[in-house]
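See below for the structure under consideration.
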Number of protein chains: 2
Amino acid sequence: MHKDFVHIYNLIQELSWHFGAHGINGECCGDLSLVEYMALKRINDAENITVQEVGHALNFTKSGASKIIDRLENKGYVKREISSIDGRVCCVNTTAKGAETALEIVQRYSNYVSEMLKAQDAAMVENVKTVLEILVDSAHRQENLLKGKFPQGGGGMSVFSMDK
Amino acid sequence: MHKDFVHIYNLIQELSWHFGAHGINGECCGDLSLVEYMALKRINDAENITVQEVGHALNFTKSGASKIIDRLENKGYVKREISSIDGRVCCVNTTAKGAETALEIVQRYSNYVSEMLKAQDAAMVENVKTVLEILVDSAHRQENLLKGKFPQGGGGMSVFSMDK
DNA sequence: AAATTTTAGTTTCCGTCATCAACCATTATA
DNA sequence: TATAATGGTTGATGACGGAAACTAAAATTT
């Protein structure tokens, strides 16, 4: 049983690498880096998200998040606006171009995935979906659990904090 | 059906992000970055792998690969040796310390995965394994297909090369 | 209401890192 | 033997993210 988990982990790691920053031919999403794309996605999904929320969602510091949004803004994909409620807060939203680009990238990757799975029948595709939902869900749960254990943020919060 | 693939893609991307460089609390593997760890893993799995092979396996240039191996060597995890057959070639291998460290990291991540999936019964764990095998396998197949299409390496090899 | 503290965000400085191009050494080819 | 090709390294460069200092705008204290 333990060996199974090693194997499963290795598979996850390999899949992650494939879809990570260096994965598919070293490129990601046109003129966007992976992190920029992930940020764009979050901003597109949310409404009036703040700079820090973006950073938090992607495990970046607020300074890092600010710079990612800088880059996205310079490329014309997002727009900052000062909140009408709180003058300190930035409301970040995608521009039309940004939303379109995000959609386009999702589309193309989805095609890629569709090509990947075209040999599978409908039942297996459904099964793949189910399994991935379980994995993503439990990954989030596990992460929150870790964060709950070390609520101070910063020190000592690594995979290595787990039981040996 | 198409919508399914969008969903599946989004799940894969999210899982990948979680296990990527910024994923779990922004940390990866102690004193190793994700790429260093991935390189160490490859070197550990192979025998007498060359610098360029490492680069190729991880989608890095040879100069990038050389520097990653530099870092691993400085940390005492791998060792270069000149090939006895071809004086230009470097045979890279893990040191005892490197092999041990790689194993340790795999172990800890595997524990993490095991924690993630502890609510699932044995059949589902088996199913997860099967699905991941299919995904990893088809991802490799798809990648090779792309590389076959654009064998010159370098220009035009992106996800965007696919049919729109 | 004035003073202080807290909070959101930006900016400067810095270290890390991957690529490109030039380069060195060795092997293969002419 | 001369030339080309190949494996690997090095130096310059640019992208990038974090820490800390800083600005401006609430929130809190007195």
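Letters A, B, ... are given to chains in the order of the sequence lines, protein chains preceding strands, and every chain is numbered from 1.
Between the CG atom of Leu32(A) and the P atom of dA15(D) there is a distance of 15 Å, rounded to whole Å. Look at CZ on Phe60(A): it is 17 Å from C1' on dG9(C), rounded to the nearest Å. Nucleotide dG17(D) holds its P atom 10 Å from the CG atom of Leu34(A), rounded to whole Å. For Lys62(A) and dC22(D), the NZ to P distance is 14 Å, given to the nearest whole Å. As rounded to whole Å, 16 Å separates atom P of dA5(D) from atom CD of Gln52(B). The interatomic distance linking Asn59(A) (CG) with dG17(D) (P) rounds to 13 Å, in whole Å. The CD atom of Glu53(B) sits 8 Å away from the P atom of dG8(D) (whole-angstrom rounding). Look at CD1 on Ile49(B): it is 10 Å from P on dG8(D), rounded to the nearest Å.
Residues of residues 79-92 of chain A having a heavy atom closer than 4.0 Å to DNA chain C, listed by number: Arg80(A), Arg88(A), Val89(A), Cys90(A). Within a heavy-atom distance below 4.0 Å of DNA chain C, no residue of residues 68-76 of chain A is found.
Counting heavy atoms from C-beta on, the side chains of Leu72(B) and Leu32(B) come closer than 4.5 Å.
When the side-chain nitrogen and oxygen atoms of Ser66(A) are compared with OP1 and OP2 of dT10(C), one or more of them lie within a distance under 4.0 Å.
The backbone N or O of Lys79(B) sits nowhere less than 3.5 Å from a side-chain atom of Asn93(B) that would complete a donor-acceptor pair. A donor-acceptor contact shorter than 3.5 Å links the side chain of Glu53(A) to the backbone of Thr50(A). Checked by atom type and distance alone, the side chain of Glu14(B) never pairs as donor or acceptor with a backbone atom of Val136(A) at under 3.5 Å.
Not counting sequence neighbours, Phe19(A) has no partner by the ring-ring contact (aromatic ring centres under 6.0 Å, His included) test. The salt bridge (charged side-chain N to carboxylate O under 4.0 Å, His left out) search around Asp31(B) returns none, not counting sequence neighbours. Residues meeting the salt bridge (charged side-chain N to carboxylate O under 4.0 Å, His left out) test with Lys75(B), sequence neighbours left out: Glu36(B). For Lys41(B), the side chain to side chain donor-acceptor pair (under 3.5 Å) partners two or more places apart in sequence, or in a different chain, are Asn10(A).
Ser63(A) comes within 4.0 angstrom of a base, heavy atoms only. At a threshold of 4.0 angstrom between heavy atoms, the contacts of Glu36(A) are confined to the sugar-phosphate backbone, with no base atom among them.
How far CD1 of Ile49(A) is from SG of Cys90(A): 12.5 Å, rounded to the nearest 0.5 Å.
Residue-to-nucleotide contacts include a donor-acceptor pair under 3.5 Å from the side chain of Lys67(A) to the base of dT12(C).
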